[in-house]
Number of protein chains: 2
Amino acid sequence: MSPSQPRDRGIPEATVARLPLYLRALHGMAERGVATVSSEDLAVAAGVNSAKLRKDLSHLGSYGTRGVGYDVEYLVYQISRELGLTQDWAVAIVGVGNLGRALANYGGFVSRGFRVAALVDADPEVVGDTIAGLNVEHIDELEAVIKRRGVSIVVLATPAAAAQEVCDRVIAVGVTSILNFAPVVLSVPDTVDVRKVDLSIELQILAFHEQRKAGGPLMAVDSQ
Amino acid sequence: MSPSQPRDRGIPEATVARLPLYLRALHGMAERGVATVSSEDLAVAAGVNSAKLRKDLSHLGSYGTRGVGYDVEYLVYQISRELGLTQDWAVAIVGVGNLGRALANYGGFVSRGFRVAALVDADPEVVGDTIAGLNVEHIDELEAVIKRRGVSIVVLATPAAAAQEVCDRVIAVGVTSILNFAPVVLSVPDTVDVRKVDLSIELQILAFHEQRKAGGPLMAVDSQ
DNA sequence: GCGACTTTGTGCATCGGTTCACAAAGGGCT
DNA sequence: AGCCCTTTGTGAACCGATGCACAAAGTCGC
Ligand SMILES: NC(=O)c1ccc[n+]([C@@H]2O[C@H](COP(=O)([O-])OP(=O)(O)OC[C@H]3O[C@@H](n4cnc5c(N)ncnc54)[C@H](O)[C@@H]3O)[C@@H](O)[C@H]2O)c1
Ligand SMILES: NC(=O)c1ccc[n+]([C@@H]2O[C@H](COP(=O)([O-])OP(=O)(O)OC[C@H]3O[C@@H](n4cnc5c(N)ncnc54)[C@H](O)[C@@H]3O)[C@@H](O)[C@H]2O)c1
């Protein structure tokens, strides 16, 4: 048994979901010239419990120094590597409407490893337009574009009715990572990862809690 | 102990997060004229396990009929009521840039109980514009607008640097539900609910799994 | 009206994730 | 060089969520 296992295969899903949060906090610290950070400080910056943070980081390896903390630069590198951000990911956005346009114009994810490599739409009015420096291509070209540009992540921003069909087509040409904004449950083989962003669901969850707050503690009036 | 408790206070958070999913599936069924649905069918439509679905619904009350299933209309009503969607929620969008505009123009959440009641921005170029039929108001008017329009949910779509300040101000005038699109951890009292949507985090999670898929099973080459 | 069949509602085992709390490690000060 | 102080890494208890599996409930056909 070697004394240091560089990294453990099989990082808990909950940990993976928090690594980007730590990374963001660390980037901020690096910019402010912070060289070293304790789990306590980093935890505060990321809005989590410090024990949880340490356990999360321990899944990547033993990168801290007891009595001191973590080296910011080094930790940024280790987390980036673990998340696969040391390589470049080509992203295609399918559906260039309100939302697709906002995403295409957004500089925030280009910054870290993600590059919008293609825009695809079905509307002849939109196809051929240049948005954020990219030509919008026709949906008929979907498969060709994905192969030509080496796209490995597809962002779905079409209307709900078109989402499953586009999804099936991109999977057929080998895409296994999809970010879905359309309010539908996509049916995919379990070799494919789908993450969804659903604004409407978030609002409904907020409304639920808001209702409880408004009526809750005092509204002991049972409706029976 | 009364035989039927209409509904139990204290619905698990995980259940609350799925109710909107069930509701969406049920709306689709109602539109297609389906009168009754079994937990199995509804579970498939919502992409969850049927036992989980039944347990979730059992937290609202005993609304099914054994041997038959659930009445679609009735269940829509019960879930809507539980989520607080039988009332109207006034939403303000602060930050009317790429994303804020897309949200303002989006018809999807207006449909169910949510109404965009105000748009607020700091940029004099934008203030005064009419977007989606609404006048964009100046950030100086933030507090006044929130009170005047009875806004109870605020959507934050400002740059990260401005988010905490806007957040503090809306909380100061009594807002307790915030949907945050800015990539920052907001610091709020625990009487306030914040939900965040972070595109960049979703992409990073996808990249992590994508990397594993690509290198994973065959890349047994330990880097030591 | 009765029996067979369908489907709910839930007890229970299990699992993944969180948090506490502390022993071991390491740096820095004297 | 040795001691003290800080901070990590993790064992173990705890907590909420999941999913199986089945008894109870209720419908429908005969
Ligand atoms: N805009 C928002 O704020 C928002 C919020 C939450 C969810 N959504 C969801 O995101 C999706 C897009 O929303 P939007 O507001 O941008 O809608 P939109 O109608 O403005 O844009 C949809 C675009 O998809 C294109 N399209 C239609 N069918 C297509 C196909 N088969 N292949 C390729 N492109 C196709 C259309 O031409 C259009 O340009 C919808 O599913 C919507 O429900 C949007
Ligand atoms: N556009 C996207 O696809 C996308 C995706 C993920 C996250 N985000 C995040 O959403 C936020 C908005 O993104 P965007 O692309 O719309 O940016 P944007 O720059 O296009 O828009 C920001 C808007 O906020 C306004 N603003 C600035 N300071 C303000 C203040 N103090 N009060 C009120 N308004 C103020 C600006 O005038 C501008 O109109 C950013 O935090 C961004 O990181 C955007």
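Here is the naming used below: chain letters follow the sequence lines, and residue numbers restart at 1 for every chain.
- To the nearest 0.5 angstrom, A/R195 atom CZ is 6.5 Å from B/L206 atom CG.
- Atom NE2 in A/H59 sits about 15 Å away from atom C1' in D/dT8, given to the nearest Å.
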* If a protein heavy atom is under 4.0 Å from the base, mark B; if only from the sugar-phosphate, S; if neither, -; do that for nucleotides 14-19 of chain C going 5' to 3'. => ---SSB
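- Rounded to whole angstrom, the span from the CG atom of B/L42 across to the C1' atom of C/dT7 amounts to 14 Å.
- In terms of phosphate contacts, A/T65 brings no side-chain nitrogen or oxygen within less than 4.0 Å of OP1 or OP2 of C/dG26.
- Using a 4.0 Å cut-off on heavy atoms, the residues of residues 29-39 of chain A that approach DNA chain D are A/S38, A/S39, listed by number.
- Between the side chains of B/R81 and B/T86, not a single donor N or O lies within less than 3.5 Å of an accepting N or O.
- Remark: P of C/dT8 and CG of B/D41 are 9 Å apart, rounded to the nearest angstrom.
- For B/R66 against C/dT7, a side-chain-to-base donor-acceptor contact under 3.5 Å is absent.
- Here the side chains of A/L53 and A/Y22 are in contact, with some heavy-atom distance below 4.5 Å.
- Taking 4.5 Å as the limit, every side-chain heavy atom of A/E73 sits out of range of all side-chain heavy atoms of A/V76.
- Phosphate proximity of C/dG9 to B/Y70: present, with a side-chain N or O under 4.0 Å from OP1 or OP2.
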* To do: Before giving the answer on salt bridge (charged side-chain N to carboxylate O under 4.0 Å, His left out), spell out for B/R212 and A/E82 the whole-Å C-alpha distance, their side-chain angles and the decisive distance to 0.1 Å.
  => CA-CA 9 Å; B/R212 295 256 154 153; A/E82 196 62 51; 2.8 Å; yes
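- Note: CZ (A/R54) to P (C/dA23) measures 15 Å, nearest angstrom.
- Residue whose closest nucleotide on DNA chain C sits further toward the 5' end, between B/V68 and B/S58: B/V68.
- In plain terms, the two heavy atoms of B/G84 and B/W89 that are nearest each other are O-NE1, 2.7 Å.
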Only pairs under 3.5 Å count here: list side-chain donor-acceptor contacts from residues 170-186 of chain A, not counting sequence neighbours, and write none if there are none.
unit_1 : atom_1 : unit_2 : atom_2 : d
A/T176 : OG1    : B/E210 : OE1    : 2.9
A/T176 : OG1    : B/E210 : OE2    : 3.3
A/T176 : OG1    : B/K213 : NZ     : 3.0
A/S177 : OG     : B/E210 : OE1    : 2.4
A/N180 : OD1    : A/A182 : N      : 2.9
A/N180 : ND2    : A/A182 : O      : 3.1
A/N180 : ND2    : A/V184 : O      : 3.3

* Asked: What do the steps show when you test A/N98 against B/Y106 for side-chain hydrogen bond (donor to acceptor under 3.5 Å, both in side chains), and what is the final call?
  -> CA-CA 8 Å; A/N98 286 318; B/Y106 179 55; over 6 Å; no
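- Atom CG of A/D71 is separated from atom C1' of C/dG27 by 15 Å (rounded to the nearest Å).
- A/Y63 has its ring centre less than 6.0 Å from the ring centre of A/Y74.
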